[in-house]
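Only one structure is covered here, and it is reproduced in the block below.
Protein chains get the first letters and strands the later ones, always in sequence-line order, with residue 1 at the start of each.
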There are 2 protein chains.
Amino acid sequence: MLQEILGELKRRGCRITEQRQTIIEAVLAVAGSRFTAYDVWERVKAIQPELGLDTIYRNIKLLEELGFLASIGGVGKEGNRYEVAGRDHHHHLVCLRCGKTECIDYCPIDDVLVNLVQERGYDLVRHQLELMGICRTCRQ
Amino acid sequence: MLQEILGELKRRGCRITEQRQTIIEAVLAVAGSRFTAYDVWERVKAIQPELGLDTIYRNIKLLEELGFLASIGGVGKEGNRYEVAGRDHHHHLVCLRCGKTECIDYCPIDDVLVNLVQERGYDLVRHQLELMGICRTCRQ
DNA sequence: CTTAATGCAAAACCTTTGCATTGGC
DNA sequence: GCCAATGCAAAGGTTTTGCATTAAG
């Protein structure tokens, strides 16, 4: 995955800086859960303390444009969250207490819904389902 | 609805100020679509120009605590959106271009999903489905 | 009269942007 | 050496907070 991203960046004429590589590695390391720009920053700071949040944002935006990351909104007042794209279509199960997120590989979107959207005159672009609950650990 | 809210506020020992009443009326007026604090402010300013956004936020927070409003996140970089609570369970259809929101009174959550969540050890508290597309007006 | 609510201003967030400097290529 | 990317600082937008003042009860 790392090589694939670096390759595409080169093909696009982007430069592979130390910072950029560190950021991409950090993003891939937290992949699996949805992360904020700040999450990435915390990881990256340990390796390159001078690296600023602005650089994180710029790189996240770049990766988003290239289709490697997808913005998936955030809950409450936390900032935007992102996840690594390219995974099969899926939804999220979020623990309301600890924020832990799991992916659900099942999609309940059915014809009824698709028709409803069409009737209202919308072109459906995407959708997201968020299941919120309390995980086993937090319940104890 | 207005009377119900005012009654509960009094019962709680809150004071009914002109500003508060104007805000609640504005909130109820935009009910049906999801609104931001700014949306409310624009309506309210016409009636009480001195009323500040801070007062809107304070009152929205209060109404949220009393259970009359629910925060339902926002799309992209727009601020939080709210809606009047107590309505039947429903989901949302959002136009990605203009932000307009419609309610969908159909819920596709099925047994497969409920079982999946249980298997993972979560108590399902709530869920939200967001259908995103481009509305007829914006497509032209 | 008491004290909750407001108005104002300032701060706290998250995110973006301008510009000089650095460093890939 | 060229120009993309970074670092820094500052600005934008949303939301919160402190504090003196106003007004509901």
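Between the CH2 atom of B/Trp41 and the P atom of C/dC8 there is a distance of 11 Å, given to the nearest Å. Spacing between atom CD of B/Gln21 and atom P of D/dA24 amounts to 11 Å, rounded to whole angstrom units. When rounded to the nearest whole Å, the span between CD of A/Glu50 and P of C/dG23 equals 10 Å. The CZ-P distance, from B/Arg81 to D/dT15, rounds to 10 Å in whole Å. Going from atom CD1 of B/Ile56 over to atom C1' of D/dT15 covers 13 Å, rounded to whole Å. Note: OH (B/Tyr57) to C1' (C/dA12) measures 13 Å, nearest angstrom. Atom CG of B/Asp39 is separated from atom P of D/dT15 by 11 Å (rounded to the nearest Å). For the pair B/Lys61 NZ and C/dA5 P, the interatomic distance rounds to 14 Å; values are reported in whole Å.
A salt bridge links B/Glu8 with B/Arg11: the distance from a Lys NZ or Arg NE/NH1/NH2 to an Asp or Glu carboxylate oxygen falls below 4.0 Å. For B/Asp39 and B/Arg43, the salt-bridge test fails: no basic side-chain N is under 4.0 Å from an acidic carboxylate O. A salt bridge links B/Arg34 with B/Glu130: the closest approach of a Lys/Arg side-chain nitrogen to an acidic carboxylate oxygen falls below 4.0 angstrom.
Close to C/dG23, at under 4.0 Å from its OP1 or OP2, lies no side-chain N or O of A/Gln19. Side-chain nitrogen and oxygen atoms of B/Thr55 include none within less than 4.0 Å of the OP1 or OP2 phosphate oxygen of C/dT6. OP1 or OP2 of D/dT6 sits under 4.0 Å from a side-chain N or O of A/Thr17.
A donor N or O paired with an acceptor N or O is not found under 3.5 Å between the base of C/dT6 and the side-chain atoms of B/Arg20. Side chain A/Asp54 to base D/dC8: a donor-acceptor pair is found below 3.5 Å.
Positionally, the nearest nucleotide of DNA chain D for B/Ala37 lies more toward the 5' end than for the other of B/Ile16 and B/Ala37. Each of A/Tyr38 and A/Arg58 was assigned the nucleotide of DNA chain C with the nearest heavy atom; the assignment lying further toward the 5' end belongs to A/Tyr38. The nearest heavy atom of DNA chain D to B/Leu53 and to A/Leu62 marks one nucleotide each, and the one closer to the 5' end goes with A/Leu62.
A donor atom on one side chain and an acceptor atom on the other are found under 3.5 Å apart for A/His89 and A/His127.
Here the side chain of A/Arg15 is nearest to one of C/dA5, D/dG7, D/dC3, namely D/dC3.
Using a distance-only test at 3.5 Å, with no hydrogens or angles considered, no donor-acceptor pair links the side chain of A/Thr55 to the main chain of A/Leu51.
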